[in-house]
Peer 1: 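The structure that follows is given in the form of structure tokens.
Note that the structure is a prediction, hence the values are computed from the model and not measured. Order of listing sets the numbers, starting from 1, for every ligand and every atom in it.
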Amino acid sequence: MYTQAMDTGPKEERKAVRSAEEAQLEERFEARIDEGAFIEAKDWMPEHYRKTLVRQISQHAHSEIVGMLPEGNWVTRAPTLKRKAILLAKIQDEGGHGLYLYAAAETLGTSRDQMIAALHGGRAKYSSIFNYPTLSWADIGVIGWLVDGAAIMNQVPLTRCSYAPYARAMVRICREESFHQRQGFDALLVMMRDGTDAQREMVQDAVNRWWWPSLMMFGPPDGESTHSTQSMRWGIKRISNDDLRQKFVDATVEQAKVLGVTMPDPLLKWNAERGHHDFGPIAWDEFWQVVGGHGPCNKERLAARVKAWEDGAWVREAAMAHARKQALKEQAA
Ligand SMILES: [Fe+2]
Ligand SMILES: [Fe+2]
């Protein structure tokens, strides 16, 4: 037997052959990355590249899905029909983003069920920003402006990610995210320009609570970011955490002036020499607390996701039964 014979050589010899072959494949892969080529699902890739992408894309998908929860909390309390329709559309988009991303991660050989089991079992992470509560209507505007704004900053470079299915998903997602950012800014602008003093205070209070967590969305400082160097090398990540954070600060400071709100940072000021804004130190202890599961809403968010999954079991079962029936019908025809 040809295949069996291939498999029965001395162990070391087999290992050596495999690793020589693998080294060649890896060399070819690295060369393609250096040329700026895109990697497709069926192309050979190192195991570590695959694992890094599954971790990143599934975390991203979970963030989209969990991110629906703080906003869903305000659908029934939106101040006007127009705002309710916009909010519903935005939340629905986020659900769609989750689905594209789960599909992109599935091309790497991990099933959606496995990814969801990891989320529900507390083994997978999602963006920590969604572990903060939405206390007022202004929080919904601020989430659009700052949280979706930070997401865009993070995600636009991902449209050039070396893994093509992820890059393609990001093109569409980024278009929708820019609508999310604008609707948030618009909701805040209406309150700041035409609202009462109480509404303006509500906006400022929301900015005070969301500003620092938004800056944390870019991840730990470059020096402490464990996965960054390899991800940059592989073209998964194109711009460093600190550079993205700086771009975000520079852009939002100008937008805050238009709104007439101030950022809760006395050290925030223009530095002509650097050509950027300086800003105060970030409370990384708080970030690690929230990442570690001890934020204000971690337990509530996860419990809501698990309940939604369990409550939706009958829908999945009905859909599967329907698909089986359809397949039988097609076979008989
Ligand atoms: Fe999204
Ligand atoms: Fe969004």
Side-chain angles (χ1 to χ4, degrees), residues 53 55-75 78 82-106 112 115-116 119 124-134 137-161 163 165-189 206-207 209-211 213-219 236-237 244-245 247-248 251-252 255 297 301 304-305 308:
L53 279 164
R55 192 191 60 241
Q56 180 170 334
I57 304 173
S58 63
Q59 268 185 24
H60 191 165
H62 298 327
S63 303
E64 301 283 356
I65 300 292
V66 177
M68 296 165 81
L69 299 172
E71 293 182 303
N73 186 32
W74 278 90
V75 171
K82 176 183 150 188
R83 293 290 166 200
K84 190 196 284 268
I86 294 172
L87 183 59
L88 273 172
K90 179 197 190 279
I91 296 172
Q92 198 172 13
D93 282 355
E94 306 298 10
H97 296 174
L99 298 185
Y100 306 149
L101 291 165
Y102 282 127
E106 278 186 311
R112 192 185 304 182
M115 291 183 263
I116 287 175
L119 174 70
K125 300 260 181 271
Y126 55 86
S127 179
S128 282
I129 193 87
F130 302 120
N131 289 318
Y132 289 87
T134 40
W137 171 251
D139 286 35
I140 298 305
V142 171
I143 286 180
W145 174 40
L146 295 179
V147 175
D148 289 90
I152 295 168
M153 231 18 129
N154 256 328
Q155 292 172 5
V156 167
L158 290 173
T159 61
R160 291 181 294 121
C161 164
Y163 188 57
Y166 191 25
R168 282 192 289 266
M170 291 319 299
V171 171
R172 181 154 175 196
I173 289 176
C174 283
R175 280 192 203 129
E176 291 176 346
E177 294 299 356
S178 79
F179 151 71
H180 299 170
Q181 197 263 357
R182 272 186 288 168
Q183 65 80 35
F185 188 82
D186 179 67
L188 298 176
L189 196 61
V207 171
R209 283 180 290 106
W210 289 92
W211 173 245
S214 302
L215 295 192
M216 294 174 196
M217 281 178 73
F218 296 94
I236 296 173
K237 199 175 167 63
L244 285 169
R245 189 166 13 246
K247 267 170 79 119
F248 176 73
T252 44
Q255 295 160 0
C297 302
R301 300 290 184 239
R305 280 312 315 155

Peer 1: Take the angle between the ring planes of Trp211 and Phe248 and call it parallel below 30°, perpendicular above 60°, tilted in between.
Peer 2: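 Judged by the thresholds at 30° and 60°, the geometry between Trp211 and Phe248 is parallel.
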
Peer 1: When you compare the side chains of Tyr132 and Arg209, does any donor N or O come within less than 3.5 Å of an acceptor on the partner?
Peer 2: no

Peer 1: Nearest 0.5 Å please: distance from the CZ atom of Arg175 over to the OG1 atom of Thr159.
Peer 2: 10.0 Å

Peer 1: Indicate yes or no: does Asp186 engage Arg83 in a salt bridge with an N to O separation below 4.0 Å.
Peer 2: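 The answer is yes: the pair qualifies as a salt bridge.
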
Peer 1: Could you enumerate the protein N, O or S atoms under 2.8 Å from the Fe ion (ligand 2), written like residue then atom name?
Peer 2: Glu94 OE2, Asp148 OD2, Glu177 OE1, His180 ND1

Peer 1: Are the side chain of Thr134 and the backbone of Pro70 linked by a donor-acceptor contact shorter than 3.5 Å?
Peer 2: yes

Peer 1: Nearest 0.5 Å, please: how far is OH in Tyr126 from CD in Glu64?
Peer 2: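 Between Glu64 CD and Tyr126 OH, I get 14.0 Å after rounding to 0.5 Å.
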
